[in-house]
Amino acid sequence: MANNTSPHILTTSANLLGFCLFVITSLHISNRIETHVIDEFTSVIAILLTCSCIFSFISIRTTSIERENKLETIADYFFISGLIGILVIILLITMNFIN
């Protein structure tokens with residue numbers, strides 16, 4: 001069975017992970033105390049996206065179809081959790097809950 005979604009999850013997660021690390025680095029360089037909550041949320045999202053990358057990569061490399069499907073599903077869950085986290089941060093900033 002061809003592995004259809006794992007390569008897409010891997011590349012998109014890696015891109016979003018790079019963006020999260022850019023945000024974290026920018027917040028640390030600016031020394032903005034009020035963005036501490038954004039920093040914490042972004043760190044958690046970066047961890048979720050890293051897990052998604054790892055499971056997706058292992059899914060691509062495995063030879064067992066059953067293990068491939070299971071790892072791909074786990075990668076999907078980590079990925080959607082990261083996307084929901086990004087949405088939460090955007091909503092918090094948009095609604096001015098975080099300055």
Side-chain angles (χ1 to χ4, degrees):
M1 180 172 146
N3 198 334
N4 294 329
T5 60
S6 283
H8 299 293
I9 293 171
L10 180 60
T11 56
T12 306
S13 291
N15 287 331
L16 289 173
L17 177 61
F19 181 72
C20 286
L21 295 177
F22 176 75
V23 169
I24 293 169
T25 303
S26 298
L27 293 175
H28 282 280
I29 289 173
S30 69
N31 284 332
R32 296 188 58 188
I33 300 300
E34 62 271 6
T35 59
H36 180 68
V37 176
I38 296 173
D39 184 29
E40 297 295 325
F41 280 147
T42 307
S43 298
V44 171
I45 292 168
I47 291 169
L48 291 172
L49 292 171
T50 301
C51 290
S52 177
C53 286
I54 291 169
F55 282 107
S56 180
F57 177 77
I58 295 171
S59 171
I60 292 169
R61 300 293 295 169
T62 190
T63 56
S64 168
I65 299 296
E66 182 180 312
R67 189 176 303 143
E68 174 186 331
N69 292 332
K70 187 183 298 183
L71 291 169
E72 189 172 314
T73 302
I74 294 169
D76 278 336
Y77 286 127
F78 276 115
F79 181 71
I80 193 67
S81 299
L83 286 179
I84 291 170
I86 291 170
L87 174 66
V88 168
I89 288 177
I90 291 169
L91 290 175
L92 289 174
I93 292 171
T94 304
M95 303 291 187
N96 289 325
F97 289 122
I98 300 175
N99 294 323

Please check if the side chain of Ser43 supplies one atom and the backbone of Asp39 the other of a donor-acceptor pair under 3.5 Å.
yes

Less than 4.5 Å apart, side chain to side chain, heavy atoms only: is that true for Asn15 and Phe19?
no

Here's a test for you: under side chain to side chain contact (heavy atoms under 4.5 Å, CB included), which of Leu10, Leu48, Thr12 qualifies with Phe79?
Thr12

Could you state the interatomic distance from CZ (Phe55) to CD1 (Ile60), rounded to the nearest 0.5 Å?
14.0 Å

With rounding to the nearest 0.5 Å, note down the distance linking CD1 in Ile90 to CD1 in Ile86.
7.0 Å

In Å, rounded to the nearest 0.5 Å, how long is the span from CG of Leu92 to CG of Leu87?
9.5 Å

Going hydrophobic residue to hydrophobic residue with side-chain gaps under 4.5 angstrom, can you get from Phe41 over to Ile84?
yes

For the hydrophobic clusters of this structure (ILVMFWY residues joined by side-chain heavy atoms under 4.5 Å, transitively), does one cluster hold both Phe57 and Tyr77?
no

Is the shortest heavy-atom distance from the side chain of Leu83 to the side chain of Leu16 under 4.5 Å?
yes

Atom pair NZ (Lys70) and CD1 (Ile58), whose distance is rounded to the nearest 0.5 Å
13.0 Å

Let me confirm one number: the CG-NE2 distance from Asp76 to His8, rounded to the nearest 0.5 Å.
11.5 Å

Taking the side chain as every heavy atom from C-beta outward, state whether Leu49 and Phe78 have any pair of such atoms under 4.5 Å apart.
no

Between Leu17 and Ala46, what is the shortest heavy-atom contact and its length?
CD1-O, 3.4 Å

Closest non-hydrogen atom pair between Ile9 and Ser52, with its separation:
CG2-OG, 3.2 Å

How many angstroms lie between OG1 in Thr73 and CD in Glu68, if you round to the nearest 0.5 Å?
10.0 Å

